[in-house]
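The block underneath contains the structure these notes are about, expressed in C-alpha cells.
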There are 2 protein chains.
Amino acid sequence: MTATIKDVAREAKVSVASVSRALNGGGGVTPATAQRIREAAARLRYVPHSAARSLITRRTHTIGALLPDLHGEFFSELIRGIDLEARSHGLHLLVSSSHDGEEDAAAALRAMQGRVDGVVLLSSPHVDAAFLKANLPDGLPIVLLNSDVKNGADAVLNIDNFAGTYAMVRHLVDIGHQRIAFVGGPKDNYDARQREAGFRAAMAKFLPGEPVRVLAGDFGESSGYVAARELLAMKSRPQAVFAANDTMAVGCLQAFKEAGLAVPGDIAVAGFDDIPIARYVTPSLSTVRVRIAELGKNAMELLADLMDRPGLSAASVHTLGCDIVVRESCGAHRGGATITTTKKIRRTSNR
Amino acid sequence: MTATIKDVAREAKVSVASVSRALNGGGGVTPATAQRIREAAARLRYVPHSAARSLITRRTHTIGALLPDLHGEFFSELIRGIDLEARSHGLHLLVSSSHDGEEDAAAALRAMQGRVDGVVLLSSPHVDAAFLKANLPDGLPIVLLNSDVKNGADAVLNIDNFAGTYAMVRHLVDIGHQRIAFVGGPKDNYDARQREAGFRAAMAKFLPGEPVRVLAGDFGESSGYVAARELLAMKSRPQAVFAANDTMAVGCLQAFKEAGLAVPGDIAVAGFDDIPIARYVTPSLSTVRVRIAELGKNAMELLADLMDRPGLSAASVHTLGCDIVVRESCGAHRGGATITTTKKIRRTSNR
DNA sequence: AACTTCCATGAAAACGTTTACGTTCGCGCC
DNA sequence: GGCGCGAACGTAAACGTTTTCATGGAAGTT
C-alpha cells in the first residue's frame, strides 16, 4: 500500500540502513547517495511509519495535555500556547480535556501511558501528590500547572496570583481607596486561596489599621451578586470591592446597578482574569490579566527541557506574573493603562 | 524497564500468544488461565506498548483535529465535543491548531500521516478540494467541518447558516420590522456567504417588495460600527439591523449608543453566534446560536462511522440546525425565548 | 609498497505486539 | 478401541524502523 523504507532502498539501490541514515541526517552517507535516496523517497511519497520508529526509539514525539472541565478563553488560549510551542519543538499534542473527578483523570493519565513522551497537567482540586504517585508512570516527565503539590519531585508552574492581587490592592490604595472588601473563591481552589492570601498580605502592608473584610464566594456570577448585597447592608460601606475573579465582579456590578449605586462613583470594583466580557460590561472592569497563552508556552518549554535531559531532577517551582488592567470600574481610568507586575518568569528551584 | 508481554507470559507460565488472546478477549483461552494471566498482568502493571500494537494492527486509535487560528468559545466547545465523543469510542485526540495559511495546514496534515486513523478538519478559506487531493493520504477517513468543498468524495458537516439567518429574519418580520438591513462578513468566508444567502432568501420570501440592504463587513467589531454609521446616514433609516456575527452587532450597538439611538426602541439589532458577550451587553443581544459542542460531537460520530467501514464511500453532506435566541435587542424580549430551527441533524447524501 | 586509518555501506538483530498455523490433548462416536 | 474433531495453547513470522557490528575499499602515512 504505502511505501516503506524497503521500497525506498530498492528504488535508490542501497540498503535500508543507508536510507535511514540519509533521511535522519545522522551522517555516514555520501552527499551523492543521500541525494539519490531523498529523491527516491520523494518519488515514492515515502513517510516513515511512526509506530515502527517509536517501537525502537522509545519516543513518540508527542506530549499530552490533561485538562479539567474548562470553558472558553482559558482553555483555548492554553492549548494555543502549548500547541505553538510544541510544534516548534517538532512535537505533537495529545489532548484529553473535560475531566471531572479523580477517577476520570486517572483513567486519562493511564491511557496516555506509552503514547506520550511528557505531560502537561492542569490541576483540579483532587490532583495531589498522592494522585500523581499512584497514576504517573515513573520516569515520565511532567509539568504541573497551577498546582500546590510540592512533592519535591516534579516541576510546577504557577500563575502569580499572590503578586497579582497584591499589586491590584496597591493600585486601589494608590488611587485613594481605604475600605476595601474582598470576595473569595471556592475553598478547595488553589488560585482562590492564593488570591485571598495576596489580598490579606497587601492589606496588612498598605493599610495596617484597616479591618480586613473577606466575603465568601464560589467563582460563580450569582455568588458575586450575593456578596455585593451583603456589602450594601454593611454599616460602613466599603469604597471598593475586589472579587477573586471577573465573573463574580460582574455579579457585583449587577447588584450595584440594581441598588442604584454608581460604579466607580459610589463604589469601585475590580476583578481577576480579564475574561473577554470584562471590557464590554458597563462600566468596563478593571482586572488582573493572566497571560494564558504564555502560561501554556512556558509550560511546554519547561517540559521540553525536562524531556531533553532524562534523569535530571525536575523539582522546581516557577511563577508567571500578571498584569493589572486599569479600566473604568476602579475609578482611575486613564485610557486603559496596563501595569505589569512581573515581566519574566521566575524560577524557584527547591533544592 | 516496564513490563512487556513476555514478562507477563513468564509470570503466568503461558506463551505470549495466550497473553495477547486473554487480554484482547479474542477467546480461545480457558477462563481459568485467562484469569491467571490477568492477575499476572495486573501484578506487573503491564500496559501494552501502543506503538508495537499499531505497527502490526495498522491502527493508532487516535484521531486528529486540524483547526485554523481560532479563539475562545468556539475552539473550546468544539474540542470538548470532539474529545468527549472520541473518548466514548476509545479514541485519543491529536490536536493541531492555529494554522494560518495553506502551507501551514498542509504541513500539519502531513505530519499527522500515520499517527491518526481519521481526521476532523475545520476549513479555512484555502482548504479546498485541490488542497485535500494534494495533501490527504488517500484512504484516510476525514470529516470536513463548515466547508463548501463538494468533491463528491468526502463527508461534510455544516452549520445551517442559511436556515439560521432565514429563521431570524422571519422572527424580525413577525414582530413587525420591515426595513431590515444586513451587515455581511468577509467575502472569502463560507459562513458569511451562507448567512447572506439566507438573508436574501428570507427577504425575498417574506418581504418581496422591500429593497434588500446589504452592507459590507469583515466580522470585526469596528466594521460593524462603520456599517451602523452608514445606516444612520440613510434617508429612510432601517428598523432593524441584522449583523452576520455578534462581534459586528456589538459594534452596531456602540454606534447607536453614541448616536443617541435607543435599542430596540429606535432600531432593533440582531447578531449571529451567541458569543458569551451577547448576554452581557446592554441591551442584551438577540442572536442565532450554534451548538458548537454538538457540532464537534456529530463530526466525531460521523468519523467513527467512516472508520468502521473502510472502503465505503464517504460522500455525504450533513447540516446542523441553529437556535434563535431572543433577548432584548430585537424588541421582542419575552424572557429569553429560544426557537430551535432544526432539532436533529439532517443528512443529505449526494448519491 | 605495505600498513594503518577512516569512512561509506550492508547484514542482521532488536523493539513488542498480533496472528496464522501446528501441535497436543481430551472426548465423543461408531 | 481407533478414529476424528475441536478446543486450548505454543511457535514463529510479520509489521517497519533504528542501530550495532562487520566488511570492504580508498586514502593517507611511513
Side-chain angles (χ1 to χ4, degrees), chain A residues 1-38 40-41 44-62 90 92 111 113-117 137 139, chain B residues 1-41 44-62 90 92 111-117 137 139:
Chain A
M1 196 62 174
T2 94
T4 80
I5 198 173
K6 281 185 187 169
D7 301 321
V8 178
R10 192 177 325 117
E11 177 86 5
K13 304 197 187 308
V14 292
S15 71
V16 293
S18 293
V19 176
S20 177
R21 280 187 286 253
L23 264 31
N24 296 334
V29 166
T30 293
T33 50
Q35 176 65 16
R36 205 172 68 231
I37 291 170
R38 273 194 300 271
L44 299 179
R45 291 166 161 271
Y46 167 69
V47 26
H49 193 291
S50 56
R53 178 179 282 178
S54 295
L55 179 56
I56 192 155
T57 60
R58 312 194 129 312
R59 302 211 120 222
T60 63
H61 292 285
T62 303
H92 294 256
Q113 175 77 280
R115 316 185 79 95
V116 298
D117 296 338
Chain B
M1 197 58 177
T2 96
T4 81
I5 199 172
K6 283 185 187 168
D7 301 321
V8 178
R10 194 179 322 117
E11 178 86 4
K13 305 200 187 305
V14 291
S15 72
V16 293
S18 293
V19 176
S20 176
R21 279 188 287 251
L23 265 30
N24 296 334
V29 71
T30 292
T33 49
Q35 176 64 17
R36 205 172 66 229
I37 290 170
R38 273 193 299 271
E39 283 169 6
L44 298 179
R45 293 166 161 272
Y46 167 69
V47 29
H49 193 291
S50 58
R53 179 178 282 179
S54 296
L55 178 56
I56 192 156
T57 61
R58 312 195 135 293
R59 300 212 121 223
T60 62
H61 292 284
T62 303
H92 295 256
M112 282 189 175
Q113 173 78 279
R115 315 185 79 95
V116 298
D117 296 339

query = Taking only N and O in the side chain of A:Arg58, is any of them less than 4.0 Å away from OP1 or OP2 of C:dG16?
reply = yes

request  = Mind checking A:Ser20 for me? I need base, sugar-phosphate or nothing, with any heavy atom below 4.0 Å counting as a touch.
outcome  = base

task = Can you check whether any acceptor in the base of D:dG10 is under 3.5 Å from a donor in the side chain of B:Arg21, or vice versa?
result = yes

task = Tell me whether the OP1 or OP2 atom of D:dT18 has a side-chain N or O from A:Thr57 closer than 4.0 Å.
result = no

ask   = Starting at CG of B:Leu55 and ending at P of D:dA13, how long is that distance when rounded to a whole Å?
value = 17 Å

Minimum-distance nucleotide (side-chain atoms of B:Ala17 versus D:dT11, D:dT17, C:dA8) = D:dT11

ask   = Can you tell me how far the CZ atom of B:Arg53 sits from the CG atom of B:Asn24, to the nearest 0.5 Å?
value = 5.0 Å

inquiry  = So B:Thr33, base contact, sugar-phosphate only, or nothing? Heavy-atom distance under 4.0 Å.
reply    = sugar-phosphate

Interatomic distance, B:Ile5 CD1 vs D:dA13 P [rounded to whole Å] = 18 Å

key: Under-4.0 Å side-chain N/O to phosphate OP1/OP2 contact, A:Ser18 with C:dG10   = yes

task = Kindly indicate whether the side chain of B:Arg115, heavy atoms from C-beta on, has any atom under 4.5 Å from the side chain of B:Thr62.
result = no

query = So, is B:Thr4 near the phosphate of C:dG16, with a side-chain N or O under 4.0 Å from OP1 or OP2?
reply = no

task = Kindly give the heavy-atom pair with the smallest separation between A:Ile37 and A:Leu23, and that separation in Å.
result = CG2-CD1, 3.8 Å

key: Derivation of the side chain to side chain contact (heavy atoms under 4.5 Å, CB included) call for B:Thr33 and B:Ser18   = CA-CA 9 Å; B:Thr33 49; B:Ser18 293; over 6 Å; no

request  = Starting at atom CD1 of B:Ile56, determine the distance to atom P of C:dA20, rounded to an integer number of angstrom.
outcome  = 9 Å

inquiry  = Here's a test of your reading of the structure: between B:Gly28 and A:Pro48, which maps to the more 5' nucleotide of DNA chain D?
reply    = B:Gly28

